[in-house]
Amino acid sequence: MNIESILAHRADLRSLNRLRFDAIDRGDLVISPFLAPCRIKILMVADGTNGGFVNVTYGRLYFSLSALCDLLEHSPDWWVRYDLTKMHRQTDPLGAADRNNFRFTDADFNIDDYDQIWFFGARQNVNDSQRLSDAELAIVARWMDEKRGGVFAVGDHADLGASLCGRIPRVSTMRKWSPAQSPPNATGPNRHDTLIKGHDNFYNFNDESDDIPMKVRVRRYPLWPTSAFQRRWAPHPVLCGKKGVIDVLPDHPHEGEVIEPTNATATFGFGSYVNKPEYPEVNGHREMPQIIAWARVQGDHTNGLGGQPGTDRNKGAANAKEFGAVGAYDGHEANVGRVVVDSTWHHWMDVNLIGRPRTGDPIDPVPDDDPKAFGFEYTPQGREAYGRIKEYFLNVAKWLAAPAKQNCMFKRATWGIVIRYPLAEQLNPKLPLWELGSYARDAIGRRASLCTLYSWILPHFPEWRQVLPKDVRLVPDPTQELVTPSWEAFEAYVLGGATRKMLEFAYTLGEKGGEADERQVADAMAEGMKLGAESFSKDLQKSQEASRQYFDIAARGAGVRVTAATFLDEHR
């Protein structure tokens, strides 16, 4: 069936599918053929403290990850599904782990089966008997380097998490884990207390479970110009939401600290895997981790303990300060895996997200009808903040994926807009590439941030790295951009080319149904991106030639002497 006949048949196709308005309105009705979602396998590893007070569970208690697991296992993105395997280094208190007493050296375990590892460390002491052994670290490090495995790692205040995470390459230098690094304690005025006053205008410990998040300061990057005198500043893709910057996180009375390493040339080694660079140098560039968000201790904590007057009924006075809350390392720049670290696992735990456990829980329960038993879900404002926090979680999962998985997601996201309503009835391959690209960018942006699109496209056109500044201090004079191409325009052309070729391919398939051939979709996408880049280059040359003519006219005009007498003579 040719393109014209398919277009003519579209009215019948539309009428057929209008029978299911609910699916159409959601924008997720699939018209065959479709591609199965890209699957990303995440290994989750947790442990418990030496004394047993903090024992992470995948079930529903105080120190629990059930909300996070549920979010990942029911991803809203049509292009990806996350398969979780939940391991515990000791024993999950609710029996919710897939395996207890897990070790990376277990005979039936193969780390290459996984794309990412998420570490939730609670045990203290980097020399703890339950720590990752050298043999285990050799397995993890080799996987990070050779398989580009992505790692998320987190602990809490003091050295909680050091046993599990304190010696993992890169992770160990991106966060304060051990006493030698002087991590913040849980008490005293120097603690990292990010609580925001509750609705009673006091600081209470259980305010961590209310519907009020804390604000974080987010690093901004100059990704692309939108016009000659205007730039678009964007956060790191991990903190880039569908509706803007993700600048809220759950609060907590005592957090850890994310840092930036100072030794760029350090090496590491475990077992037979030795003399490896912590941060490899490639083509003269050594990518280093960055803090991408900072949290703040409020300056109005005053001692309210023991019935004394003051604002803090929990831990008393605290020194105002700012500290690293989220850090990221783009290992893909060095042909190794990416890493994300966080200042506390309380940003990720049920007690800070969906509320304190109900009556009967062994740790600080609340009555069933207490607002703090519901967390962010108690009010519309809380639910809005929680939605943005959940985007952060999903962004971490997407960003940590290796390059092959990034391409897998990009391909399915683009193919999905071609075969899904509402764009399935709006797109036409005869539209200009930039217009097709704008439609596609908007559609994907409704589910994923535009920063995600940027990070998907840029690796295919590395030459753009030479003109896109990576540091605010390197931003050139904006007047230089009058004749400088815009990344945003280039992105629209490339995405438009991919969309056009995929549309043409979809139309040739007609009504065959079933699953699209993976290779044919990939070929269409590659051909389309090349078409978009070439079309952008041609149109840019035409635009620059027109600009030169305008400059010539402007230059000649600048030499004309205009006086009041001229106007007087003309109007006599």
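Classified by interplanar angle (parallel below 30°, tilted 30° to 60°, perpendicular above 60°), the ring pair Phe490/Phe536 is perpendicular. Using a 30° and 60° split on the angle between ring planes, Phe104 and Phe119 fall in the tilted class, from 30° to 60°.
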- Query: Step by step, would you call Ser449 with Thr452 a side-chain hydrogen bond (donor to acceptor under 3.5 Å, both in side chains)?
  - Reply: CA-CA 5 Å; Ser449 72; Thr452 298; 3.1 Å; yes
- Message: For a salt bridge (Lys or Arg N to Asp or Glu O under 4.0 Å) check, start with the C-alpha distance between Lys41 and Asp112, then their side-chain angles and the critical distance, and finish with the verdict.
- Response: CA-CA 10 Å; Lys41 296 183 178 181; Asp112 291 343; over 6 Å; no
- Message: Set out, in order, the CA-CA distance, both residues' side-chain angles and the distance that settles side-chain hydrogen bond (donor to acceptor under 3.5 Å, both in side chains) for Arg148 and His332, then state yes or no.
- Response: CA-CA 8 Å; Arg148 297 193 185 186; His332 294 180; 5.5 Å; no
- Task: Could you walk me through whether Glu391 and Lys243 pass the salt bridge (Lys or Arg N to Asp or Glu O under 4.0 Å) test, one step at a time?
- Result: CA-CA 10 Å; Glu391 281 193 87; Lys243 297 182 179 180; over 6 Å; no
- Go through the steps for Asp247 and Lys215 under the test salt bridge (Lys or Arg N to Asp or Glu O under 4.0 Å), then give the verdict. CA-CA 6 Å; Asp247 59 357; Lys215 294 277 286 187; 2.7 Å; yes
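Closest non-hydrogen pair, Pro235 versus Cys451, comes out as O-SG, 4.0 Å.
Taking NZ of Lys390 as the reference point, atom CZ of Arg388 lies at 13.5 Å (rounded to 0.5 Å). Here the OG1-CG distance, from Thr85 to Asp98, works out to 6.0 Å after rounding to the nearest 0.5 Å.
Within the 3.5 Å criterion, the main-chain N or O of Met44 finds a donor-acceptor partner in the side chain of Tyr58. Listed for the Arg175 side chain is a donor-acceptor partner under 3.5 Å among the backbone atoms of Asp342. The main-chain N or O of Glu488 is found under 3.5 Å from a side-chain atom of Arg441 such that the two form a donor-acceptor pair.
Remark: Arg412 fails to qualify as a cation-pi partner of Trp78 under the 6.0 Å distance and 45° angle criteria applied to the six-membered ring.
Between the side chains of Ser537 and Tyr493, no donor-acceptor pair is found at a separation under 3.5 Å. Neither side chain, Asp211 nor Tyr386, offers a donor N or O lying under 3.5 Å from an acceptor on the other. No side-chain donor-acceptor contact under 3.5 Å links Asn395 and His236.
Using a cut-off of 4.0 Å between Lys/Arg side-chain N and Asp/Glu carboxylate O, Lys501 and Glu527 are scored as salt-bridged. We find that Glu287 and Arg170 are not joined by a salt bridge, their nearest charged nitrogen and carboxylate oxygen being 4.0 Å or further apart.
Here Trp348 pairs with Trp118, Phe152, Tyr392, Phe393 under the ring-ring contact (aromatic ring centres under 6.0 Å, His included) rule; sequence neighbours left out. In this structure Glu435 satisfies the side-chain contact (heavy atoms from CB on, under 4.5 Å) test together with Leu431, Pro432, Tyr439, sequence neighbours excluded.
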Extract all donor-acceptor atom pairs below 3.5 Å that involve side chains of residues 65-75 and protein atoms in other chains or at least two apart in sequence.
unit_1	atom_1	unit_2	atom_2	d
Ser66	OG	Asp350	OD1	3.4
Ser66	OG	Asp350	OD2	2.5
Asp70	OD1	His74	ND1	3.3
Glu73	OE2	Lys86	NZ	3.3
His74	ND1	Asp70	O	2.9
Ser75	OG	Asp77	N	3.2

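Counting non-hydrogen atoms of neighbouring residues, nucleotides and ligands closer than 6.0 angstrom, the CZ atom of Phe109 exceeds 12 such neighbours.
At least one side-chain heavy atom of Leu436 sits under 4.5 Å from a side-chain heavy atom of Leu503.
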